[in-house]
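Here's the structure we're looking at; comments come further down.
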Amino acid sequence: MLLSSALCAQLPEVSSRSTTAGPSGPKICCLGAGYVGGPTCAVIAFKCPDVQVTIVDLNADRIAAWNSDSLPIFEPGLDEIVKARRGKNLFFSADVDKGILEADLIFVSVNTPTKKTGVGAGFAADLAYVEAATRRIARVATSSKIVIEKSTVPCRTAESMRAILEANSSGDIRFDILSNPEFLAEGTAISDLMHPDRVLIGSLQTAEGRKAQLALADVYAGWVPREKIITMGLWSSELSKLAANALLAQRISSVNALSAICEATGADVDEVAYACGLDSRIGPKFLKASVGFGGSCFQKDILNLVYLSESLHLPEVAEYWRQVVSLNEYQKLRFSELVIRRLFNTITHKHIAVFGFAFKKNTGDTRESPAITLVKHFIQEQAFVHIYDPKVEQSQIEADLTHPDVGTLHQYKNYVTIHTCPYDASKAVDAIVVMTEWDEFQQLDYQRVYKNMNKPAFIFDGRLILDAKKLRGIGFQVEVIGRQA
Ligand code: UDX
Ligand code: ADP
């Protein structure tokens, strides 16, 4: 059977480990059916039909959605994979204890948000969910387990998990802890999981640790070449995940810092990034200037690194990484101020269309999306904001904009309208602000858009995706990040 999406159509349905009987290999349980646990374990089930994979979650509604025709996460290629294996060797369940009891390997893939209160508030990861999941494994398990940290956690979290598991287990049950950080990016998760640059497995450097490492490596070897499965110590593995995200985010902040210089000098940031990216030591990826990075990982992981550095009495190191986040905030503020400045220094009671609310294209995820910050600014200036995003649900936009720090729902309702069509969203507005790089924004009929807008009609391209020359030809006033007007 070939899968419908182009992505999956190129791939065999299952790996060479195919079996005609039911699953006979190891049993995997994943605690947490979120953006990481769901796609990761669905791909394991897809690629290893002899492995039984059960994804459990405390949130019964989320599990019900995973068992329905409308999955709780939008990710290209995910539907096909889930539908191909669900009920065969891939199961979604709210029975967390049963999942733990039956499993040989348990992925801990629960949320690790930034702490909101208490020690380390605003920086440290909140490990309450990881700890609760670990305690539950210790309480429920009646046989030995390999417990795998999948959530991004601060360095040495595995040590705490081990202490909890050991203190709560009886003599004949053994727990081995592995760190197996996830490097998938949303929007390309399935292809990232199918063709990873590397799979990283950290363990204690003991005979038992290495045996556990091998057991997990054997699962990945169902489709990943062995030379791409890297093993190392636990702490290196944990830190590598934070480091990779920090380095990627740092590149974006670097190019965004250059975008400000470009706007002031007449250089073009796309040209500068292109010229730099051709140097094989630099490389072309993650050099696209933007209104700022978003997503659940970059900011959280860098703040985590800042907190770690401060805890280790390394203030200069902490300051270095903090600057990556500060620059990101500056970039969002700069863009917001540009909109106000160009609209004759006031947007009060003007109408602004916001194209895109997700933190990047091909996902419905809005966590830390720059659009949230910008729309909040616009509401504070009492502008009427018309939001269109092809994938983000209205309820999610409402939840993001009615968060306690924005004000009351009443205020929000006065200023925000959510649309299901970009042409409706841009009707009779003074400006369009492109926040997410959805492909469809490049294909719109901008003659039609222009006709229906107030004049002068402004477009602010926060993603450098539109044909500015063509738009100017139509009559738009165009502003692009990293280019002089
Ligand atoms: C990131 C890491 O890439 C991934 O390896 C890790 O496992 C999780 O965190 P993700 O946040 O899903 O993945 O998306 P990513 O593609 O990294 O984009 C993050 C943000 O940076 C988005 O807002 C994106 O629009 C922005 N970005 C990315 C840029 O502004 N410019 C770029 O050149 C690349
Ligand atoms: P991520 O992007 O890291 O996958 P999500 O917030 O999308 O984060 O998903 C994490 C999931 O973990 C949530 O659906 C949450 O309900 C679930 N979860 C949290 N604690 C537990 C637990 N102890 N057992 C099972 N699931 C849990």
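In what follows, residues are counted from 1 in the order of the sequence shown. As the structure lists them, so they are numbered: ligands from 1, and atoms in each ligand from 1.
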Polar contact flag for Asn59 and ligand 2 (N/O pairs, less than 3.5 Å): no
Atom CG of Asp69 with >12 non-hydrogen neighbours under 6.0 angstrom: no
Residues, nucleotides or ligands: over 12 heavy atoms within 6.0 Å of Glu393 CD: no
Nearest protein heavy atom with distance in Å, relative to atom 27 (C) of ligand 2: Val110 CG1, 3.6 Å
Protein heavy-atom partner closest to atom 2 (O) of ligand 2 - residue, atom, separation in Å: Arg367 NH2, 3.0 Å
For ligand 2, the portion of Lys150 having any non-hydrogen atom under 4.0 Å away: neither
Min heavy-atom dist Arg62 to ligand 2 below 4.0 Å: yes
Closest protein heavy atom to atom 19 (C) of ligand 2, given as residue, atom name and distance to 0.1 Å: Asn111 OD1, 3.3 Å
Nearest neighbour in protein (non-hydrogen) for atom 24 (N) of ligand 2: Leu58 CG, 3.6 Å
N/O separation below 3.5 Å, Val36 to ligand 2: yes
Heavy atoms of other groups near Phe183 CZ, more than 12 under 6.0 Å: yes
Flag for Lys145-Ser143: side-chain donor and acceptor within less than 3.5 Å: yes
Geometric class of the Trp66/Phe92 ring pair [parallel <30°, tilted 30-60°, perpendicular >60°]: parallel
Whether His419 and His386 hold their rings parallel, tilted or perpendicular, with breakpoints at 30° and 60°: tilted
Nearest option to atom 9 (O) of ligand 2, as decided by whichever heavy atom of Gly34, Gly99, Gly32 sits closest: Gly34
For ligand 1, the residues whose heavy atoms come within less than 4.0 Å (ordered by chain, then number): Glu182, Phe183, Leu184, Ala185, Glu186, Lys241, Asn245, Leu248, Ile252, Phe286, Leu287, Lys288, Ser290, Phe293, Gly294, Cys297, Phe298, Phe359, Lys360, Arg463
Minimum heavy-atom distance between Pro422 and Glu440, given as atom pair plus value: CG-OE2, 4.2 Å
Whether over 12 other heavy atoms sit under 6.0 Å from Lys27 NZ: no
Top protein contact for atom 16 (O) of ligand 2, by heavy-atom distance: Asp57 OD1, 2.6 Å
Ser237 side chain to Glu149 side chain, donor-acceptor N/O pair below 3.5 angstrom: no
Any donor-acceptor N or O pair under 3.5 Å, side chains Asn180, Tyr220: yes
Taking every non-hydrogen atom, the tightest pair across Leu305 and Ala246: CD2-CB, 3.6 Å
